[in-house]
Every structure is written in structure tokens, then in C-alpha cells.
There are 2 protein chains.
Amino acid sequence: MAKSPQRAAGTHRRDAQGTRLRLLDAASELFAERGYERATVRDIADRAGANQALLFRYFGSKKALFGEVMARGGQEQLRSTPAERLFEVALRGMLAGGGEDADRSLEVCLRSIGGSDEIADALRGLGEEYAEVLATLSESDTGGLRGDLALSWLLGIGLMRVVVAKEPLASADPDTVCSLVVGALGGLLEGLPTGDGARRVGGDGAGGKAAEGRESGGNPG
Amino acid sequence: MAKSPQRAAGTHRRDAQGTRLRLLDAASELFAERGYERATVRDIADRAGANQALLFRYFGSKKALFGEVMARGGQEQLRSTPAERLFEVALRGMLAGGGEDADRSLEVCLRSIGGSDEIADALRGLGEEYAEVLATLSESDTGGLRGDLALSWLLGIGLMRVVVAKEPLASADPDTVCSLVVGALGGLLEGLPTGDGARRVGGDGAGGKAAEGRESGGNPG
DNA sequence: CCCTTGTGTAAGCACCTGCTTACAAACGTA
DNA sequence: TACGTTTGTAAGCAGGTGCTTACACAAGGG
């Protein structure tokens, strides 16, 4: 997987850029799977099929490698998505789980929380950018707080679903989850559209009625 | 603080129960402050004013100590609080932060997430009980999922406020936060009352209007 | 007094961590 | 071929971890 094609068997071709990239990919995977602390440089180098000394030659330290991993992914989604769709896109990305080239930055953060203060700083930095965009969806003077609360829910859902694997959330249908969350969040961020998946909510009882109540209540836009 | 009173200066009285309790308290504090991994047995023993060998004599292993810490606190709140008030009580407890004898179990979980799979199991176990109660607040067939989503928000808020310290959420007024969250959550858990703090939401814009829309929409009780 | 039992203590063990160093093998060039 | 540079490798270092062991002190009883 993700192995350089011009790699003969037995003999090692010298390809600095290639091994650097393989190290970056392996680090991205392992950070997402185990978090910063539990992903050791030996494991990362092993998965990349490289020696750990190369890791330090190319990146200097484990923390610097973590920084490059976080800087690589994560922010394209943030900039290529319009504000009113950012929440649903991020939520769906998290619900879809670790696909081939999915953005696992949030997952990395979630699993690395306890690691060190610098990791918390990194998550705060990424959170600033998301929350800042989300805050624009409310015209209230508590817009910043509302953006934080929306982001909190996003991360909390990722926490329970991806990290803790709590049922029934862990294997719930992404459409259903997205619908419930986006519907309830309409009360916080009035600029949030109901979106694609926010319409069909499987078979729902009285709760769905309340969500629809917000819709019929009129979207002040 | 929390030191046995019959402890003379200089001379050490032999009090197994006392040191056991001091170890338990120190562990509770340090697990909450740093999470499971970063709280070392040496630090715990030091804070308790005891030798780390005693820690292993009394508890067997670090994981067993963690288990006793988690088992001690945490569940009284769960059982002494009626379902429809559980969310707000837990949220307010988390917003209030680590008071004297506050229940920091959730905080411990949040900071220990990445630690090991057993820690995730512990959090899942605690989450089961909370989500199970919250699920009773919806009569929908997606009640379990709704309970999980509410719990996710609770933990996400704790994550961003206590661990990440993201502003403006970190220093936001608990009443305001509680009001916004409980209001928005009314769309998910129709059995959730607006509660004490869910009424006065400072100066709010159109978002509050939507929340009121749910109220006037009628609570199908 | 000696002896046994329970409590507290220091030193150490085996292992793992991030990181470094000395060296071998593959190139490019002359 | 011979040389220097770049890439890859194995071994090791200093420090920290959970946990153990050997031992010193305080009781209580004969």
C-alpha cells in the first residue's frame, strides 16, 4: 500500500523524497490510529519500511514530524468549503471514518489529547480556524461561543464514535446522525442550512417533529 | 489538604488505611490533571506523601488503582439525579470545573482517552450508563442514538473547555452555555426541560428565536 | 529481652522511549 | 577504476516507566 512502484525486490533503491513521503504517510496513519504518544517512531519507521534514523534525519524530531502531518492535511477542507456547509462536511468526513485519503486531522487530535500540552495547542489552533468560520453562521453577539459549541459537538461525536466506539452511535447511519445533529444545531447557528442528509431521518418519532418545527419556524436568512 | 489529622511532625505514624486513602485522593487528582498515562506512579506517591512501593502493595498495579479511582466517584451523581435533569447537572458540573469534591470522572476520562484501550473501555462503560438514562428522554425509535449524541455534546464541551481551553468557550458563563446547549438539545430529547439556566440567554439574536420556536412548537409529552 | 507482624523506605530491574552515532551500500562524476 | 556525496542500516545512549526486592523501623506479645 502506497509503496513506491520502482522498488525492486531485495535491492534497495535510493529515493529520499519517496521514503520521506512514506514516513509522512505512515506517521499520519499511526497518529490517527493510536494518537501521538502511543505511536512510536520505531513503529512509524517500520510501517514506512524505513529505518528510524531516517525519520530523524528528515524531520528532526517526533514533534516536528507531527507538525508536518498536521500541516499537510486538514486545512484544504477548511478553505475549500463554504461556511454554511463546513459543519456538515466535517461531520460527514468524521462519520465516514478513515477512508483512503480522508482528512484524519481531527481524529489525530482526538486520540492525541492527553499526550502533551503542545498537542492541545495544536488542537486549539485547528479549532480556532474551524470555530471562527462556524461563528460567522450566527449574528448573535454570542456567535463565537455558538461556534465553539458546534465544534464541541463535532469533536464529541468523533470522540464517542471513532475513539470510544460507543454503540449505537458507532454503527449508526451517517445520514441519520447528520440529520439529527444539523437539525438540532439549527437552533444555535441560524445560518446553517438543513443540507442534503438533514432531511431524511429514517423513521423518527416525536423528536423529528421538533426538528421540523425549527424548519417551519422560518430560517431568518 | 485531605491529610490525616493524627499525623505528628517529623515522626511517621503507621496508618495503612490513611495512606491508602491519600494515595487514592492523589491518584484522583493527578489522573484528572494529566490523564492516565502522564500521571506517573512516582508522582502519585509523592503527592500522597507516600512511597511508590506502598502504592503497589495496596493496589497491585497502576491500572487497578485507576479502576478504584473511577469506581469511587462518578456514579452517585448518576443515580441521585432524575433523568430529565441529568444532562444539565452533568453539564454544569463540567462547566464548574474541578471543585473541592467535585466528580471529576468525566474529566479523567477526557484526559486519558489516548492512553490505552482499557481506558477507552472504562469511558465506554461510564458512557453506557449516562447514555442509557438520556435515551429515556426521547420516545423516538432512535432514542439510543439521540442519547449518545447528547452525551457526545457533553463530552465535547468538556474537551474543548477543560482540556483544550478554547476561547471563548473556556471562560464563558456557565449559565449562557447551559442555556444555549439545553435549548438546542430540545430538538433531540423532547423530554428535556428547559431547566433553570436555560431561560436567560444574555442578549441573543435570532438563534434564541429558533430555540423558543421549539418551545412554542409544543412539547409532545 | 527476643521474636513476629505490619508499615514505610531506598535501591534496583527490565523494558521502552526519543534520539544519536558509526558504518555500509548505492549512486554521480572524473 | 577511484573518490565524494547521498541514502540506508545497526547498534547504542540517556532518561523515564511500571514494578520488585531487600531492608529499616514501629508496634505488640511471650
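Every chain is numbered from 1 and lettered A, B, ... according to where its sequence line falls, protein lines coming before strand lines. The model shown is predicted, which means the values in this text are computed figures rather than measured ones. Scope of the values below: all heavy atoms of this structure, side chains included, with no hydrogens, waters or symmetry mates.
- Annotation for B:Glu132: atom CD does not count as buried by contact number, only 12 or fewer foreign heavy atoms lying within 6.0 Å.
- Side-chain polar atoms of A:Asp43 and A:Thr40 form a donor-acceptor pair below 3.5 angstrom.
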* Structure fact -> Contact string for nucleotides 1-6 of chain D, one letter per nucleotide 5' to 3', B = base within protein heavy-atom range under 4.0 Å, S = sugar-phosphate only, - = neither, reads -----B
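- Ranked by how close their nearest DNA chain C nucleotide is to the 5' end, B:Ala50 and A:Tyr36 are led by B:Ala50.
- The pair A:Glu88-A:Arg92 counts as a salt bridge, with a side-chain nitrogen and a carboxylate oxygen less than 4.0 angstrom apart.
- Between A:Glu167 and A:Arg161 no salt bridge is recorded (no basic side-chain N to carboxylate O distance below 4.0 Å).
- Aromatic ring orientation, A:Phe66 versus A:Tyr36: perpendicular (interplanar angle above 60°, classes split at 30° and 60°).
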* To do: Given side chain to side chain contact (heavy atoms under 4.5 Å, CB included), test A:Leu134 with A:Leu151 step by step and report yes or no.
  => CA-CA 8 Å; A:Leu134 292 176; A:Leu151 180 61; 4.3 Å; yes
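- Residue B:Ser61 places none of its side-chain N or O atoms closer than 4.0 Å to OP1 or OP2 of D:dG18.
- Here the side chain of A:Tyr58 is nearest to one of C:dC19, D:dC19, D:dT7, namely D:dT7.
- Between the C1' atom of C:dT9 and the CG atom of B:Leu55 lies a distance of 14 Å, rounded to the nearest Å.
- Here the nucleotide nearest the side chain of A:Lys62, chosen from D:dT17, C:dG18, D:dG8, is C:dG18.
- Distance, A:Asp46 CG to C:dT17 P: 11 Å, rounded to whole Å.
- B:Ala45 comes within 4.0 angstrom of no nucleic acid atom, judged by non-hydrogen atoms across all strands.
- When the nucleotides D:dG18, D:dC13, D:dG8 are ranked by their closest atom to the side chain of B:Arg42, D:dG18 comes out on top.
- Side-chain proximity of B:Gln52 to the nucleotides D:dC19, C:dC19, C:dA10 is greatest for D:dC19.
- The nearest whole Å value for the distance from the CG atom in B:Leu30 to the C1' atom in D:dT17 is 15 Å.
- Annotation: cation-pi geometry not satisfied between B:Lys166 and A:Tyr130 (NZ/CZ under 6.0 angstrom from ring centroid, within 45° of ring axis).
- Distance from the side chain of A:Phe56 is smallest to C:dG18 among D:dT17, D:dT21, C:dG18.
- Atom P of nucleotide C:dG28 and atom CG of A:Asp15 are separated by 12 Å, given to the nearest angstrom.
- Using modelled atom types, one finds a donor on one side chain and an acceptor on the other under 3.5 Å when comparing A:Thr142 with A:Arg146.
- Under 4.0 angstrom from either OP1 or OP2 of C:dC16 there lies no side-chain N or O belonging to A:Thr40.
- Atom pair B:Asn51:CG and D:dG18:P shows a separation of 14 Å (rounding to whole Å applied).
- Between A:Arg38 atom CZ and C:dT17 atom P there is a gap of 11 Å when expressed in whole angstrom units.
- In this structure, CD of B:Glu118 is placed 14 Å from P of D:dG18, rounded to the nearest angstrom.
- Of all nucleotides listed (D:dG18, C:dC19, C:dT9), C:dT9 comes nearest to the side chain of B:Arg57.
- The distance between atom CG of B:Leu54 and atom C1' of C:dT9, rounded to the nearest whole Å, is 8 Å.
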